[in-house]
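Just the heavy atoms: all of them, side chains too, but no hydrogens, waters or symmetry mates, feed the values below. Here is how names work: the chains are called A, B, and so on, in the same order as the sequence lines, proteins then strands, and each is numbered from 1.
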Amino acid sequence: MFVEFHPIVWMFSYDFKRVEFDYMESDAIVEELEGTYTDNDAPIKGKSVCWNHGLSTVIDSMMKAGLTLTDFKEYNYSPYNCLENLVEVEKGKYKIKGLENKFPLVYSVKAVKS
Amino acid sequence: MDYININKKLWNEKTDIHYKSDFYDVEAFIKGKDSLNPIELELLGNIEGKKILHLQCHFGQDTISLARHGAMATGVDFSEKAIEKARQLNEQVGTNAQFIQSDVYKLPEVLDEKFDIVYTSYGVIGWLPDMKK
């Protein structure tokens, strides 16, 4: 089973002001960013290489690997304050300021191998 | 592109900063704070006695939390620094989680065991180029 940030989250610029990245599978996203999600001002600057994976890619890969999906959920909050412009709407539930219920921030999948 | 070594360098550097951060709050964690959230706790259900493989575990808080919930947990991460910290933390907390340093794609070469549950969470698949693999 896994819980992951929703691919819609990764479409946006870091301030959630505009759509910047592709939802669908694309080339590697290579960035040189300062700070880290625990502290935007941390003295760290490093190159990262990442990929966005749409939901169908993830789900289809699991099915093709012979897994049977038994549970699939989307959540309109993040349990972590690890993105920009998040507000805590209730204890342990963070939403994007101004886009509170517009799209899911997290999803979860449970699958079994038969 | 050598994405593994580029990202590994980054995560090795992140580990020390994260370990000391309020976000991960290691002090409270050692005292017993559960690092798992209601979302995954509900999905996992009762894991007492279950063998769990936790992929991309960073410095092991969630792996250790799984162990605190009674599971036999094994954490895997590609960052040497993260695994070193994870083992240290595991010892400090007094849990019996196991940790393996490996790229998840290379895991079949270093691990030959069966698990009841394979678990991974929050900010993991974006570091993997191929979902089919």
Undergrad: Would you compute the distance between atom OG1 of A:T36 and atom NE2 of B:H18 and round it to the nearest 0.5 angstrom?
TA: 2.5 Å
Undergrad: Is A:F103 reachable from A:Y75 through a run of I, L, V, M, F, W or Y residues, each pair having side-chain heavy atoms under 4.5 Å apart?
TA: yes
Undergrad: Could you tell me which portion of B:S121 (side chain, backbone, both or neither) has an atom closer than 4.5 angstrom to a non-hydrogen atom of chain A?
TA: both
Undergrad: Supply the atom-to-atom distance A:S108 OG to B:E42 CD, rounded to the nearest 0.5 angstrom.
TA: 9.0 Å
Undergrad: Which atoms form the tightest heavy-atom contact between B:F23 and A:C82, and what is the distance?
TA: CE1-CB, 3.7 Å
Undergrad: Could you give the distance from OH (B:Y24) to OH (A:Y37), rounded to the nearest 0.5 Å?
TA: 2.5 Å
Undergrad: Which region of A:K45, side chain (C-beta onward) or backbone (N, CA, C, O), has a non-hydrogen atom less than 4.5 Å from a non-hydrogen atom of chain B, or is it both or neither?
TA: backbone
Undergrad: Pick one of side chain, backbone, both or neither for A:K47, based on which atoms fall under 4.5 Å of a heavy atom in chain B.
TA: both
Undergrad: Minimum heavy-atom separation for A:G46 to B:L10, with atom names?
TA: CA-CD1, 3.8 Å
Undergrad: Checking A:V106 against chain B: side chain, backbone, both or neither under 4.5 Å from a heavy atom?
TA: side chain
Undergrad: Please flag which part of B:K9 lies under 4.5 Å from any non-hydrogen atom of chain A: side chain, backbone, both or neither.
TA: neither
Undergrad: Which atoms form the tightest heavy-atom contact between B:L43 and A:K73, and what is the distance?
TA: CD2-NZ, 4.0 Å
Undergrad: When you measure from the side chain of A:H53 to the backbone N and O of B:M131, does any donor-acceptor pair fall under 3.5 Å?
TA: no
Undergrad: Please flag which part of A:N81 lies under 4.5 Å from any non-hydrogen atom of chain B: side chain, backbone, both or neither.
TA: backbone
Undergrad: What part of A:V30 is in contact with chain B, defined as an atom under 4.5 angstrom from a non-hydrogen atom: side chain, backbone, both or neither?
TA: side chain
Undergrad: Are B:M1 and A:L33 joined in one hydrophobic group, where the rule is that I, L, V, M, F, W and Y side chains link up if heavy atoms are under 4.5 Å apart?
TA: no
Undergrad: When only pairs under 4.5 Å are counted, which of B:L44, B:V118, B:D130, B:I39 shares the most heavy-atom pairs with chain A?
TA: B:I39
Undergrad: What residues form a side chain to side chain contact (heavy atoms under 4.5 Å, CB included) with B:V124, not counting sequence neighbours?
TA: A:E4, B:Q56, B:T120
Undergrad: Rounded at 0.5 Å granularity, tell me how far OG1 in A:T38 sits from NZ in B:K20.
TA: 11.0 Å
Undergrad: Would you indicate whether the side-chain heavy atoms of A:P79 and B:Y122 approach each other to under 4.5 Å?
TA: yes
Undergrad: Can you tell me how far SG of A:C50 sits from CD1 of B:I125, rounded to the nearest 0.5 angstrom?
TA: 11.0 Å
Undergrad: Is it the case that atom CD in B:E27 sees more than 12 heavy atoms from other parts of the structure closer than 6.0 Å?
TA: no
Undergrad: Could you check whether atom CD of B:E91 has more than 12 heavy atoms from other residues, nucleotides or ligands sitting under 6.0 Å from it?
TA: no
Undergrad: Is there a path of hydrophobic side-chain contacts, each under 4.5 Å between heavy atoms of I, L, V, M, F, W or Y residues, that connects A:L99 with A:F21?
TA: no
Undergrad: Please determine whether residues A:I29 and A:V58 belong to a single hydrophobic cluster, defined as Ile, Leu, Val, Met, Phe, Trp and Tyr linked transitively by side-chain heavy-atom distances below 4.5 Å.
TA: no
Undergrad: Examine whether an atom of A:A28 lies under 4.5 Å from a heavy atom of chain B, and if so say whether it belongs to the side chain, the backbone or both; otherwise answer neither.
TA: side chain
Undergrad: Same cluster or not: A:V112 versus B:I47, using hydrophobic residues (I, L, V, M, F, W, Y) connected whenever any side-chain heavy atoms lie under 4.5 Å apart?
TA: no
Undergrad: Between B:L55, B:N37, B:I4, B:I17, who has the most heavy-atom pairs with chain A when the cutoff is under 4.5 Å?
TA: B:N37
Undergrad: Can you tell me if B:D2 has over 12 outside heavy atoms packed within less than 6.0 Å of its CG?
TA: yes
Undergrad: Could you tell me which portion of A:D71 (side chain, backbone, both or neither) has an atom closer than 4.5 angstrom to a non-hydrogen atom of chain B?
TA: side chain
Undergrad: Could you pull out the closest heavy-atom pair between B:W127 and A:W51, with the gap in Å?
TA: O-CZ3, 3.7 Å
